[in-house]
Colleague: 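Here's a structure for you.
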Amino acid sequence: MELTGFTSKGRFLVVLCILSYLYKSTAAEGSCKLKAKFNLRGYKEVEKKTVVIGGMFPVHQRLVDTDSNTTIAPESSDCEGFNFRTFRWAQTMLFALNEINNRNDILPYTELGYVIYDSCFTISKAVEGTLTFLTGQDEAVPNYRCGDGPPLSALVGAGSSDLSIATARILGLYYFPQMSYASSCSVLESRFQYPTFLRTIPSDEHQSVAMAKLVLHFGWTWVGTIAAEDDYGKYGIKRFKEVVEEAGVCISFSETLPKIRNPEAIERIVQTVLDSTAKIIVVFSSDVDLSPLVGELLRNNVTNRTWIASEAWVTSAAISRHPNILPVLGGTIGFAVKRAEIPGLQEHLLSVSPYNDTLTEEFWGIVFNCTMNYKQIMRGMRRCTGEEMLQKLSNTFTDVSQLRITYNVYKAVYAVAYALHNLEDCKDGSGPFENGTCADITKFEPWQLMYYLKNLRFTVPHTGEEIYFNNGDVDGFYEILNWQSDSEGEITYNHIGYYNSTAPPEEKLIINNGSIIWNNDVLEIPRSVCSERCQPGTRMGIRQGEPVCCFDCIPCADGEISNTTDARGCIQCDEDYWSNANHDECVPKTIEFLDFAEPLGITLIAISAFGALATIVVAIILLMHLNTPLVNANDPLLSFSLLLGLVITFLCSIVFLGEPQMWSCMTSQVALAVGFALILSSLMGKSALLMLRARAVKAVKSAVKAAKAAAAASEQSPDTAVIAPAIPQKNDIDPIHPRHQRAIMIVCTLIQAVGCTVWLILMPPHPVKNTAAQNIKIILECDPGNIIFICSIFAYDILLAVLTFAFAFVARKLEDHFNEGKSVTFGMLVFFIVWISFVPAYLSTRGKFMVAVQIFAILASSFGLLACVFIPKCYVLLIKPERNKEEMLIPRAKSRDTAAASSASLATTSSSANANGTTVSTVSLDD
C-alpha cells in the first residue's frame with residue numbers, strides 16, 4: 001500500500017495508528033506483543049524512582065555487518081567500534097543524576113531514575129532506543145506506554161544531528177521533550193518540524209557564520225570544503241558557502257565524507273586536496289566520519305594545508321592523537337563550545353566498575369586488554385580481575401582537560417532537573433495551566449514539562465553560567481583554538497580568540513593573530529587565492545568558465561586608472577588629467593606650448609630679431625643710395641614696402657611664441673597673412689614692370705632678326721640700303737609707371753586686409769586646449785576659428801605668389817648688369833620650396849614643434865626673399881658701385897645677336913655709302 005497525499009509526518013502518524021489498531025486486538029490477552037525484539041545496550045535504573053530521564057549516546061561507532069539473508073528471522077544488529085569519548089558523555093549523565101539526587105536544593109523530594117541507550121552512531125539504533133524508551137519496556141510497542149512505572153520526563157540525546165532529527169520527529173508526535181547536547185544542525189531550529197527539541201549546544205547557524213568570518217578575517221578567497229554525508233555536514237557547509245560566496249570567496253572544491261566505509265571515495269578526496277591550489281580546507285564533520293580521511297592524509301603526507309575544524313572534531317583525541325599527525329594537521333584552527341571544570345567528575349570516571357553493565361565491561365576489556373567472557377578466556381585471552389587501576393591509564397575517557405561536549409551533557413541533565421524542580425515547586429492556584437492548576441510530579445504529561453523547559457532560566461552549578469532557551473536554542477559562543485605542539489611533540493589546543501553571536505558586529509570575532517602557529521610551524525599567515533590580488537593600476541579580468549576568484553590582472557589602458565586593490569574596472573581620467581606610469585593616479589596633463597624662455601624659443605627669437613635687423617639694415621643701405629640709378633631702377637617705394645613686409649613677417653613669428661592668448665592668436669595669423677600679402681604684392685608690382693620690359697626687348701630682338709634677313713638680301717641687291725632699328729631707352733619701353741605699380745601693391749594688400757578684418761569680426765582665431773593630439777599633454781594652441789576663412793586668406797597669398805613667380809619667370813632673361821627678374825624668380829622658388837616642404841613637416845609634428853616648424857617656414861621664406869632680392873643690390877651698392885650707372889641698367893639683347901646685327905648694319909651702310917656717296921648714321925646695339 002502506498003500512502004500518497006501525506007507529508008512525511010502524516011505518513012508516520014498513519015503508520016502508528018495502524019500499529020495501534022493491530023495491538024488493540026491483543027488487549028484481550030492483557031499483554032503487548034511485538035514481532036521483533038531490539039538489541040539495545042545501556043544503563044537503566046527506574047526502580048523506586050519518582051521520575052525517569054532518558055539518555056542516548058553513540059558509545060559505539062557503527063553496526064556490525066550482518067548477513068542480509070531473509071530465510072531466517074532477522075535480528076537487531078550489534079554494535080562495534082567503542083568510543084571512549086562518548087562513553088565519557090554517558091558517564092557524565094550518570095554523574096550529574098547522582099549529584100542531583102544527592103542535593104537538597106533541587107528536587108528535594110524526588111529521585112531521578114534513568115534509561116540510557118547506546119545509539120551506535122546510527123539512525124536505526126536511535127529510533128529503536130526512542131521507541132523502547134517511550135514504551136517503557138524492553139520490547140517497544142509504538143504509541144503505547146506499557147507498565148505502571150515512574151513517568152518519563154525528557155530524553156537527553158541523541159548525539160549527532162542525524163540521530164536527533166530522527167528521534168525528534170518521533171518525540172515531537174507526543175510533544176515529548178528532547179534536550180540535545182551535541183546536535184547543532186541548523187535544520188533543528190524549526191519549531192514546526194521539531195516542536196519539543198531543545199539543546200545546550202549553539203546552532204550551526206552561528207558556527208557557519210563564524211567560520212566564514214574567520215576566512216574573511218585572514219583574506220582567504222580560495223578555499224576547499226569537506227562535509228560529512230549527513231545533515232550536520234550538509235547544512236553546516238551549505239550555510240558557510242552562502243556567507244563566503246556572498247563576500248566574494250570562491251570554493252575550489254566541495255567533497256563529501258561517506259558514512260560507510262568507502263576507501264575509493266576517501267582516496268579520491270585526498271587526490272582532490274592534492275590537486276587543488278587551495279591551502280585552506282574547511283571541514284564540517286564528526287571525528288568518527290573524519291578518521292578514515294585523516295588516515296589517508298597521513299599515508300599521502302598531505303602537508304602545507306591549513307584546516308578549519310568544526311566543533312565536532314576540533315578537540316577530538318581520536319584525531320589529534322594520531323601518530324605523526326602534526327605535519328598534516330598542525331596549525332589547524334577550529335571552533336569549540338565552552339569548556340568547563342566539573343568537580344568530582346574525574347573521580348566518578350575512575351570509579352566505574354566492570355561488573356555493573358555490559359558497556360563498562362566492554363570498556364574495561366579494551367583498555368586493559370582482557371576479558372570477562374568465559375569463552376574468550378578459554379581461547380587464551382587474559383581474564384580481567386576487576387582490580388585493574390584506571391588511574392594508571394592516560395586515554396580519552398579519563399582526560400578531563402577539554403570538557404566541552406561533556407559540559408553540554410552536564411548542562412542538559414541539569415536543565416531537565418531544574419524544569420522538573422519548577423514543576424514540582426508549583427503552587428496550586430498560581431500554576432501555568434488551566435484554572436491556575438499545577439502538574440503532579442508523579443504523573444505529569446510531557447507537554448506540561450515542556451512548558452517549564454521553554455521558560456527555564458537557571459545557573460549551572462560550579463561554573464555560574466546562566467542558561468536560558470531562545471526558541472529552544474542557546475546563544476552562539478565559541479572558543480577559537482589553534483593546534484600547536486608542546487615540548488613532547490603532542491598536539492595542544494591553544495586559545496587564540498572567540499566568537500560571540502550576541503556581541504556588536506565589529507566585536508563578534510576576536511582573534512589574536514600573533515599567537516597563531518600555522519602548519520609546519522610557520523608564523524606568517526598562509527595565502528590561499530586562485531589568483532594573486534590585482535594591484536592598483538590593474539583590473540581583474542575574469543577567466544572564462546572559472547570561478548570569479550580566478551582572474552587575470554589586466555593593466556589599465558592609457559588614460560585610465562585603478563586606485564584600489566582588486567578593482568573590477570578602470571576609471572577614466574578627466575579630460576585635463578592623464579594616468580601616471582603606474583596607472584594608479586590621475587595626474588594633470590603636461591601643459592605644452594613653445595615658451596619664450598626655453599632654448600628653442602630663445603633661438604627662434606634671436607633668428608627673428610636678426611632677420612628684422614638685417615631687413616632694417618638693408619633699408620638703411622637703400623636710403624643711403626636712394627638717388628642712385630640702381631635704387632631708382634624699379635620704383636624704390638616698392639622696395640621699401642617689400643622690406644616693411646619682411647620686417648612684419650620676421651617680427652610676427654615672435655608672436656607665435658608663448659602661451660596663446662586671444663590677442664596673440666589674432667595678431668600672429670593676421671600679421672602673417674597681411675605681411676605676406678604686402679611682400680608678394682610689392683614683388684608682383686616689380687615683376688609686372690620687368691615682365692613688360694622683357695616683352696619689349698623680345699620685340700626688339702624680333703626686329704634685329706628681320707634686319708639680319710634684310711642685310712643678307714642687300715648683299716645681293718647693292719642698291720638697297722637697310723637701316724637697323726635702334727634699341728629704345730628705358731623710359732621709352734616702360735608701359736606702366738610707378739603709380740601703377742604702387743596701385744597694384746596697395747590694392748592687393750587692401751584686399752587681404754579686408755578679408756582678415758572680416759575673419760576677425762566673424763570667427764576670429766582663439767586659444768584652445770588641444771587634448772586629442774597627445775594623450776599625456778594639453779597643447780595650448782590657436783584655433784583658426786573657421787577653416788574656410790583661413791584657407792581663403794592664405795589661398796589669396798598663394799595666388800599672389802603664383803602671379804609674382806609667373807611675371808618674374810617671364811622677365812628672368814632680361815639682360816642688363818643687374819637682372820632683378822632673376823632675383824625675384826629665385827626668391828619665389830625659395831619661397832615655394834620652403835612652404836611646400838612645410839606642409840608634410842607641419843602635419844607630422846605635434847605640440848610646440850608644430851609652432852616651431854611654422855616659425856621656421858616663415859623665417860626661411862622671409863630670409864630667402866631678403867637674400868635673393870636684396871643681396872645682389874647691396875653687393876652692387878657696396879662692393880661694385882661702378883655698376884650703379886644709368887647706362888648699365890638699359891635693357892639689351894643677347895651679345896651674339898647684337899654683334900651679328902652690328903656687322904650687318906655696318907656692311908650695309910658701307911656698301912651704300914660707297915655706292916651713293918652718302919653717309920647714314922647708325923646706332924650701336926652695344927652699350
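By convention here, the first residue in the shown sequence is residue 1.
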Colleague: Let me know which of Ile281, Val270, Leu329 forms a side chain to side chain contact (heavy atoms under 4.5 Å, CB included) with Val302.
Modeller: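 Of Ile281, Val270, Leu329, side chain to side chain contact (heavy atoms under 4.5 Å, CB included) with Val302 is met by Val270 alone.
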Colleague: Which is it for Glu341 and His462 under the side-chain hydrogen bond (donor to acceptor under 3.5 Å, both in side chains) test, yes or no, and what are the steps along the way?
Modeller: CA-CA 8 Å; Glu341 301 286 344; His462 311 304; over 6 Å; no
Colleague: Is there a side-chain hydrogen bond (donor to acceptor under 3.5 Å, both in side chains) between Tyr194 and Arg169 once you walk through the steps?
Modeller: CA-CA 6 Å; Tyr194 313 101; Arg169 290 191 182 278; 3.1 Å; yes
Colleague: Identify whether the distance between the nearest side-chain nitrogen and carboxylate oxygen of Arg239 and Glu205 falls below 4.0 Å.
Modeller: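 Salt bridge: yes.
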Colleague: How far apart are the C-alpha atoms of Glu507 and Asn500, what are their side-chain angles, what is the distance that settles it, and do they pass the side chain to side chain contact (heavy atoms under 4.5 Å, CB included) test?
Modeller: CA-CA 8 Å; Glu507 298 177 6; Asn500 185 1; over 6 Å; no
Colleague: Check this for me: Asp486, atom CG, are more than 12 non-hydrogen atoms of other residues, nucleotides or ligands nearer than 6.0 Å?
Modeller: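 Yes - once you tally the heavy atoms of other residues, nucleotides and ligands closer than 6.0 Å, there are more than 12.
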Colleague: Run the salt-bridge test on Arg268 and Glu264 with the 4.0 Å N-O cut-off and return the result as yes or no.
Modeller: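 Glu264 and Arg268: not salt-bridged.
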Colleague: Does any N or O in the side chain of Arg85 come within less than 3.5 Å of the main-chain N or O of Asn83, such that one atom is a donor and the other an acceptor?
Modeller: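 Side chain of Arg85 to backbone of Asn83, a donor-acceptor pair under 3.5 Å: no, none is there.
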Colleague: If you apply the rule side chain to side chain contact (heavy atoms under 4.5 Å, CB included), what do you find for Ile491 with Thr332, and how did you get there?
Modeller: CA-CA 10 Å; Ile491 293 290; Thr332 293; over 6 Å; no
Colleague: Is the number of heavy atoms from other residues, nucleotides or ligands within 6.0 Å of NZ (Lys508) greater than 12?
Modeller: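 More than 12 heavy atoms, drawn from other residues, nucleotides or ligands, come within 6.0 Å of this atom.
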Colleague: In terms of heavy-atom contacts, does CD of Glu246 have more than 12 from other residues, nucleotides or ligands at under 6.0 Å?
Modeller: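 No, because the 6.0 Å sphere around CD of Glu246 holds 12 heavy atoms or fewer from other groups.
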Colleague: With no hydrogens and no angle check, is any side-chain donor or acceptor of Arg533 less than 3.5 Å from a backbone partner on Asp566?
Modeller: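 Absent.
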Colleague: Look at the side chain of Asp230 and the backbone N and O of Asp162, then say whether any donor-acceptor pair between them is shorter than 3.5 Å.
Modeller: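 No: the side chain of Asp230 does not pair with the backbone of Asp162.
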Colleague: Could you walk me through whether Thr167 and Thr130 pass the side-chain hydrogen bond (donor to acceptor under 3.5 Å, both in side chains) test, one step at a time?
Modeller: CA-CA 6 Å; Thr167 58; Thr130 303; 4.7 Å; no
Colleague: Tell me if the aromatic rings of Tyr498 and Tyr478 count as close, with their centers under 6.0 Å from one another.
Modeller: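 Centroid distance Tyr498-Tyr478: not below 6.0 Å, so no.
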Colleague: Go through the steps for Cys185 and Lys234 under the test side chain to side chain contact (heavy atoms under 4.5 Å, CB included), then give the verdict.
Modeller: CA-CA 9 Å; Cys185 181; Lys234 179 175 67 174; over 6 Å; no
Colleague: Return the CD to CG distance between Glu229 and Asn262, rounded to the nearest 0.5 Å.
Modeller: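 Answer rounded to 0.5 Å: 9.0 Å.
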Colleague: Has Glu524 got more than 12 heavy atoms of other residues, nucleotides or ligands less than 6.0 Å from its CD?
Modeller: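 Result for CD/Glu524: open.
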Colleague: Okay, side chain of Asn98, backbone of Leu94: is any donor-acceptor separation there less than 3.5 Å?
Modeller: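 Present.
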Colleague: Hey, is Cys550 close enough to Cys250 that the SGs sit under 2.5 Å?
Modeller: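 Answer is no, sulfur atoms not closer than 2.5 Å.
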Colleague: For the aromatic rings, using the six-membered ring if either is Trp, is the centroid distance between Phe57 and Tyr181 under 6.0 Å?
Modeller: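 Centroid distance Phe57-Tyr181: below 6.0 Å, so yes.
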Colleague: Less than 4.0 angstrom from a charged side-chain N to a carboxylate O is my criterion; do Glu80 and Arg62 meet it?
Modeller: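 A salt bridge is present here (some side-chain N lies under 4.0 Å from a carboxylate O).
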Colleague: Below 6.0 angstrom between ring centroids: does that apply to Phe218 and Trp518?
Modeller: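 Ring-ring flag for Phe218/Trp518: true, centres closer than 6.0 Å.
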Colleague: Is there a side-chain contact between Glu465 and Thr459 (heavy atoms, below 4.5 Å)?
Modeller: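 In short, these two side chains do not touch, never coming nearer than 4.5 Å.
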Colleague: Within the side chain of Thr398, is there an N or O that forms a donor-acceptor pair under 3.5 Å with the backbone of Ser394?
Modeller: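 No.
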Colleague: Where the side chain of Ser515 meets the backbone of Asn512, is there a donor-acceptor pair that is under 3.5 Å apart?
Modeller: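 Yes; judged by distance alone, with no hydrogens or angles, the pair exists.
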Colleague: What are the two closest heavy atoms between Trp220 and Pro526, and how far apart are they?
Modeller: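 Scanning both residues completely, I find the closest heavy atoms to be NE1-O, 2.7 Å.
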Colleague: Between the side chains of Tyr235 and Ser208, does any donor sit under 3.5 Å from an acceptor?
Modeller: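 Note: Tyr235 and Ser208 side chains miss the donor-acceptor criterion.
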Colleague: For Asn369, does the CG atom sit with more than 12 other heavy atoms under 6.0 Å from it, leaving out its own atoms?
Modeller: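 Result for CG/Asn369: open.
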Colleague: How long is the straight-line distance from CD of Glu311 back to CZ of Arg404, given to the nearest 0.5 Å?
Modeller: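 Arg404 atom CZ to Glu311 atom CD measures 11.0 Å (nearest 0.5 Å).
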Colleague: Under 30°, 30 to 60°, or over 60°: which ring-plane class applies to Tyr407 and Tyr410, parallel, tilted or perpendicular?
Modeller: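 Plane angle under 30°, so parallel.
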Colleague: Using a strict threshold of under 4.0 Å (side-chain N to carboxylate O), is an ion pair present between Lys125 and Asp118?
Modeller: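 So Asp118 does not pair with Lys125 through a salt bridge.
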Colleague: Quick one: does Arg41's side chain have a donor or acceptor within less than 3.5 Å of a partner on Ser119's backbone?
Modeller: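 Flag not set: sc Arg41 to bb Ser119 has no pair under 3.5 Å.
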Colleague: After noting the C-alpha distance and the side-chain angles of Arg321 and Asp399, does the key distance pass the side chain to side chain contact (heavy atoms under 4.5 Å, CB included) rule?
Modeller: CA-CA 12 Å; Arg321 291 187 179 179; Asp399 182 10; 3.2 Å; yes
Colleague: Apply side-chain hydrogen bond (donor to acceptor under 3.5 Å, both in side chains) to residues Ser183 and Tyr232 and explain how you reach the verdict.
Modeller: CA-CA 8 Å; Ser183 303; Tyr232 170 72; over 6 Å; no
Colleague: For Phe335 and Tyr499, I'd like to know if the aromatic rings sit close, meaning centre-to-centre distance below 6.0 Å.
Modeller: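 For Phe335 and Tyr499, the ring centres are not under 6.0 Å apart.
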Colleague: Could you pull out the closest heavy-atom pair between Asn513 and His217, with the gap in Å?
Modeller: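 Looks like OD1-NE2, 3.1 Å.
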Colleague: Could you tell me if Glu362 and His60 have a donor-acceptor pair between their side chains, going purely by distance under 3.5 Å?
Modeller: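 The answer is yes; a qualifying pair exists.
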Colleague: Give a yes or no answer on whether the side chain of Lys411 reaches the backbone of Ile201 with a donor-acceptor pair at less than 3.5 Å.
Modeller: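 Side chain of Lys411 to backbone of Ile201, a donor-acceptor pair under 3.5 Å: no, none is there.
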Colleague: Between Trp313 (side chain only) and Phe284 (backbone N and O only), is there a donor and an acceptor less than 3.5 Å apart?
Modeller: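 Not a single qualifying donor-acceptor pair exists.
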Colleague: Checking Asp289 side chain against Lys259 main chain: does a donor-acceptor pair fall under 3.5 Å?
Modeller: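 Not at all, since once roles are kept as given, no pair shorter than 3.5 Å links the two residues.
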Colleague: Does Phe477 have Lys338 sitting over its ring (NZ/CZ under 6.0 Å from centre, angle to axis within 45°)?
Modeller: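 Relative to the ring axis of Phe477, which defines the angle, Lys338 lies inside both limits.
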Colleague: Hey, would you say the Phe363 and Phe397 ring centroids sit under 6.0 Å apart?
Modeller: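 Ring-ring flag for Phe363/Phe397: true, centres closer than 6.0 Å.
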